[in-house]
Amino acid sequence: MQQENEESAHIKASTDLAVLPTNNTEYGTKDYWQKRYAQEADSSFDWFKTYKDLHQLFSKYIAGKGARILMLGCGNSTLSEDMYSAGYQNIVNVDYSDVVIECMRQRTRHMDKMTWEVMDVREMHLDDGSIDVAVDKGTLDALLCDKGNVWEPSAELCENVRREVNEVDRVLAPGGRFIWITFGQPHFHMRHLQRDSWDVAVERLNDGGFEYFFYVMSKRV
């Protein structure tokens with residue numbers, strides 16, 4: 001899943017296997033990410049695809065470069081920096097790790113039009129209808145890590161996912177879009193995304209190895 005981002009070649013991509021959890025369920029815990037980001041203070045990690053792989057789809061689904069974009073669980077990914085350099089500069093980056101938010105503020109202090117906020121995606125301090133595009137690249141996947149059967153996820157997992165998706169639904173403006181980049185297949189995950197307020201479309205990306213999915217939830221006007 002890890003890929004070095006060519007657009008941000010000056011930032012070292014993390015290759016330290018010591019940061020990997022002993023159990024995948026740790027991906028859904030704040031404590032794991034606090035410790036990991038402290039170890040990766042001078043590096044980046046990009047789940048799934050980078051801006052280079054996604055820019056055409058972003059151009060297709062983001063109405064304009066002035067859109068107010070919410071980066072959900074931003075982590076230390078280079079995605080926001082690369083989008084900023086491409087002209088998408090009205091970006092609100094949120095993560096519940098104060099460690100990574102402070103690191104990213106310092107790393108991008110020359111990119112002063114985007115903001116970095118300590119915030120849990122399941123309870124965001126943002127106004128209703130204040131976001132044009134919300135992007136999730138790996139955060140929902142972390143919440144979806146479970147010990148159980150993927151066909152019958154636990155009640156706790158479903159509640160955590162429901163809370164994030166409902167919060168995105170709340171902060172999205174009419175006509176706005178929620179974009180989720182993942183390798184999670186639709187037959188497992190559509191149940192978590194369906195809402196009366198939006199329509200769901202899925203694009204597939206295949207790089208000759210893994211198949212990735214680009215889910216787009218378009219809020220009805």
Side-chain angles (χ1 to χ4, degrees), residues 1-21 26-55 58 62 65-127 130-143 145 164 167-168 171 178-182:
M1 292 187 291
Q2 179 183 350
Q3 302 177 40
E4 184 170 355
N5 193 327
E6 293 177 6
E7 293 85 350
S8 298
H10 62 289
I11 300 165
K12 180 178 65 176
S14 174
T15 57
D16 185 2
L17 296 180
V19 301
L20 297 178
E26 292 181 50
Y27 283 127
T29 68
K30 182 177 178 179
D31 186 57
Y32 167 74
W33 291 108
Q34 289 282 75
K35 292 176 180 176
R36 174 165 175 166
Y37 290 135
Q39 292 176 265
E40 291 184 328
D42 299 319
S43 57
S44 68
F45 189 93
D46 268 288
W47 295 96
F48 313 127
K49 296 293 187 178
T50 64
Y51 180 69
K52 178 183 177 183
D53 307 302
L54 300 168
H55 71 94
F58 282 141
I62 299 177
K65 292 190 174 179
R68 191 179 191 214
I69 298 169
L70 173 64
M71 205 64 69
L72 297 154
C74 58
N76 57 8
S77 165
T78 58
L79 181 61
S80 293
E81 294 158 273
D82 293 329
M83 290 185 73
Y84 191 99
S85 297
Y88 301 96
Q89 298 187 345
N90 191 4
I91 303 176
V92 180
N93 299 279
V94 302
D95 200 291
Y96 64 6
S97 169
D98 59 319
V99 173
V100 80
I101 288 296
E102 185 54 34
C103 285
M104 294 303 291
R105 277 186 187 137
Q106 293 303 314
R107 192 166 97 186
T108 63
R109 55 188 178 274
H110 58 293
M111 298 178 168
D112 57 2
K113 293 181 182 177
M114 67 176 167
T115 62
W116 301 88
E117 305 293 339
V118 179
M119 212 176 290
D120 190 321
V121 297
R122 296 165 293 189
E123 188 177 359
M124 293 185 285
H125 308 298
L126 296 170
D127 292 339
S130 60
I131 297 296
D132 298 312
V133 178
V135 178
D136 184 307
K137 188 166 75 77
T139 300
L140 265 178
D141 296 85
L143 294 179
C145 287
E164 178 184 343
E167 274 292 87
V168 174
V171 303
F178 173 26
I179 296 170
W180 178 30
I181 300 103
T182 177

(message) With heavy-atom distances below 4.5 Å as the criterion, would you say the side chains of F48 and D53 are in contact?
(response)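 Counting from C-beta outward, F48 and D53 never come under 4.5 Å.
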Inset, instruction - Find out whether R36 and Y27 are in side-chain contact, i.e. whether some heavy atom of one side chain is under 4.5 Å from a heavy atom of the other. - result: yes
How far apart are the closest heavy atoms of [X] and [Y], and which atoms are they?
| X | Y | value |
| --- | --- | --- |
| V171 | M124 | CG2-CE, 4.2 Å |
| Y51 | A86 | OH-CB, 3.3 Å |
| I101 | C74 | CD1-SG, 3.9 Å |

Go through the structure and list residues passing salt bridge (charged side-chain N to carboxylate O under 4.0 Å, His left out) with [X], not counting sequence neighbours.
| X | value |
| --- | --- |
| E102 | R105 |
| K30 | none |
| D120 | R122 |
| E164 | none |

What residues, two or more places apart in sequence or in another chain, satisfy side chain to side chain donor-acceptor pair (under 3.5 Å) together with [X]?
| X | result |
| --- | --- |
| N90 | none |
| N93 | S80 |
| D31 | K35 |
| T139 | none |

Verdict with supporting geometry, R107 and E81, side-chain contact (heavy atoms from CB on, under 4.5 Å):
CA-CA 10 Å; R107 192 166 97 186; E81 294 158 273; 2.6 Å; yes
Okay, side chain of T29, backbone of E26: is any donor-acceptor separation there less than 3.5 Å?
-> yes
request  = State whether the side chain of D132 and the backbone N or O of R68 hold a donor-acceptor pair below 3.5 Å, judged by distance alone.
outcome  =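 Answer holds: yes.
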Handout entry: Under 3.5 Å side-chain donor-acceptor pair for S44 and N76
Key = no
Measure the spacing between [atom1] of [X] and [atom2] of [Y] and express it to the nearest 0.5 Å.
| X | Y | atom1 | atom2 | result |
| --- | --- | --- | --- | --- |
| D98 | C103 | CG | SG | 9.5 Å |
| Y37 | F45 | OH | CZ | 9.5 Å |
| T78 | Y84 | OG1 | OH | 16.0 Å |
| I131 | L126 | CD1 | CG | 5.5 Å |
| K137 | W47 | NZ | CH2 | 10.0 Å |

TODO: Given side-chain contact (heavy atoms from CB on, under 4.5 Å), test V135 with I181 step by step and report yes or no.
DONE: CA-CA 8 Å; V135 178; I181 300 103; 4.0 Å; yes
Sorted by chain and residue number, the side-chain contact (heavy atoms from CB on, under 4.5 Å) partners of A38 (sequence neighbours excluded) come out as V99
Hits for side-chain contact (heavy atoms from CB on, under 4.5 Å) against S85, two or more places apart or cross-chain, chain-then-number order -> M111
Of all residues at least two apart in sequence or in a different chain, which pass the ring pair (Phe, Tyr, Trp, His ring centres under 6.0 Å) check with W180?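 W180 satisfies ring pair (Phe, Tyr, Trp, His ring centres under 6.0 Å) with H189, Y215 only.
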*Could you pull out all residues at least two apart from Y88 that satisfy ring pair (Phe, Tyr, Trp, His ring centres under 6.0 Å)?*
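Not a single residue meets the ring pair (Phe, Tyr, Trp, His ring centres under 6.0 Å) criterion with Y88.
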Stepwise, does the side-chain contact (heavy atoms from CB on, under 4.5 Å) test hold for L70 with M119?
CA-CA 12 Å; L70 173 64; M119 212 176 290; over 6 Å; no
Between M71 and the options V94, D95, L79, V92, the side-chain contact (heavy atoms from CB on, under 4.5 Å) test singles out L79
Q: Show the numbers, then the answer: is there a side-chain contact (heavy atoms from CB on, under 4.5 Å) between L72 and F178?
A: CA-CA 10 Å; L72 297 154; F178 173 26; 3.8 Å; yes
Q. Going through the distances and angles, do K52 and D82 end up as a salt bridge (Lys or Arg N to Asp or Glu O under 4.0 Å)?
A. CA-CA 9 Å; K52 178 183 177 183; D82 293 329; over 6 Å; no
Within 6.0 Å of CD in E123, more than 12 heavy atoms from elsewhere | no
